[in-house]
2 protein chains.
Amino acid sequence: MSKHALEEASDNGATDLEDLIGYNLKRAYIIVQSGFRDAQGEGGFSPRVFTALALTVKFPNITQSALARKMGIERSGLVAIVDELESKALLARARVPGDRRVQALVPTEAGQQAYDAAMASVRAHEQDVFSNMSESEKKMLLDLLRKVRKNEVS
Amino acid sequence: MSKHALEEASDNGATDLEDLIGYNLKRAYIIVQSGFRDAQGEGGFSPRVFTALALTVKFPNITQSALARKMGIERSGLVAIVDELESKALLARARVPGDRRVQALVPTEAGQQAYDAAMASVRAHEQDVFSNMSESEKKMLLDLLRKVRKNEVS
DNA sequence: GAATAATTGTTTACCCTCGTAACAAACTGC
DNA sequence: GCAGTTTGTTACGAGGGTAAACAATTATTC
């Protein structure tokens, strides 16, 4: 563990906040999220509502419990999100024949279109906030973030 | 813009949530933050309180306004954070001779020690949550996140 | 087949983080 | 001296999230 005196000067436990990945992750996330909200505009989607719609489009007839699990939030928290999307007629709660407990979520035509439009807007926004990075750098960042997620314990 | 039919199959606007940097950034941040709280334990620091203490240690006699600016939050939000740290006697609000408005923040001896201990814990936690990445990968991720922050418009 | 356990959606209550608006006190520029 | 600005502070509300309890329904176990 002990190192040369010369190295100690720059390695003597004087870790800075700026050297922590977690700190930089947080600050970067705040920037991107803030840009996301601006890109979505006034009546636009919040990140979590957009995520819920996106997953419902990708996995039609998904259960609320399954969607909550996929989003990493509690079932109780998802209720308001689905309420909001249903009130805008972007998806519907459908009963399934076999199990009278579950609510299968199905996107409406308007929901599909709203998702497409929002996704286009998000892609344009990402083009913008990462404009100082090359395509290979963006891909590298994406891969590294996926690797972080892959290591999740839960 | 138009591409060959062969390419269109994999590039026809069917962007997935998982392909968005922002989405992966959020999920990765949630994992790291959650680990941070676990690592700090019951009476430990929240991320923002830790950040405030760290910056006070690094920049003693910093003004509350300057600290808020550095943290990217409003002055009003910092009051409760400083209150908490002051109530634990980890820092003190000191009046400065020249300007009777400002409160210069100075870490106490206990504050310095608490910071050192918390930082050690955070470093151990980062060692853990990024354990499936090589040192060079971690450095790459750090550099890329810094580049994202560097492009901030605000 | 009856009893027990688990799952689903929901409501309610609560916590944390943050922003906005207003304010008094103090400072600055002119 | 006076308008404008800065500093710390309070009050209020929005937003995102968890935890606990609950009825309805389904699964499991004996």
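Here is the naming used below: chain letters follow the sequence lines, and residue numbers restart at 1 for every chain.
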Rounded off to whole Å, could you give me the CD1-to-C1' distance for the B/I30 and C/dC16 pair? 15 Å
Have a look at A/Y29 and tell me which of A/R27, A/Q33, A/K26 forms a side chain to side chain donor-acceptor pair (under 3.5 Å) with it. A/Q33
Students often get this wrong, so: under 4.0 angstrom with heavy atoms, is B/R95 touching a base, only sugar-phosphate, or nothing? nothing
A/R75 has an atom CZ; how far is it from atom C1' of C/dT12, in whole Å? 15 Å
Taking the nucleotide of DNA chain D with the closest heavy atom to each, which residue, A/G98 or A/S46, is nearer the 5' end? A/S46
In this structure, is the centre-to-centre distance between the rings of B/F45 and B/F36 below 6.0 Å? no
In the structure I gave you, are the side-chain heavy atoms of B/F130 and A/N151 within less than 4.5 Å of one another anywhere? no
Whole-Å gap separating C1' (D/dG8) and CD1 (B/I81): 14 Å
For A/R100, report the nucleic acid contact type (base, sugar-phosphate, nothing); a contact means any heavy atom under 4.0 Å. sugar-phosphate
Determine the contact category for B/Q103: base if any of its heavy atoms lies under 4.0 Å from a base atom, sugar-phosphate if only primed atoms, P, OP1 or OP2 are that close, otherwise nothing. sugar-phosphate
What is the separation between atom CE on A/M71 and atom C1' on D/dG17, rounded to the nearest whole Å? 11 Å
Hey, does the side chain of B/R37 come within less than 4.0 Å of C/dT17's phosphate (OP1/OP2), counting only N and O? yes
Can you identify which nucleotide, out of C/dG9, D/dT9, D/dT18, has its nearest atom closest to the B/Q64 side chain? D/dT9
With a 4.0 Å cut-off, would you call A/D19 and B/R146 a salt bridge? yes
Of the listed nucleotides (C/dT8, D/dT7, C/dC27), which one gets closest to any side-chain atom of B/R69? D/dT7
Closest nucleotide among D/dG16, D/dT7, C/dT11 to the A/S76 side chain: C/dT11
Would B/R37 and B/S46 count as having a side-chain donor-acceptor pair, cut-off 3.5 Å? no
Of all the choices, C/dT20, D/dT25, C/dT10, which nucleotide is nearest to the side chain of A/D99 once you look at every atom? D/dT25
Check the distance between C/dC15's P and B/E42's CD and give it to me in whole angstrom. 14 Å
A/R93 has an atom CZ; how far is it from atom P of C/dT8, in whole Å? 15 Å
Which of these nucleotides, D/dG16, C/dT17, C/dT10, is closest to any side-chain atom of A/V79? C/dT10
Looking only at D/dT5, D/dA19, D/dT9, the nucleotide nearest the B/R101 side chain is D/dT5
To the nearest Å, give me how far apart CD1 (A/I73) and P (D/dG15) are. 16 Å
Between B/D83 (CG) and C/dT17 (C1'), how many Å, whole number? 15 Å
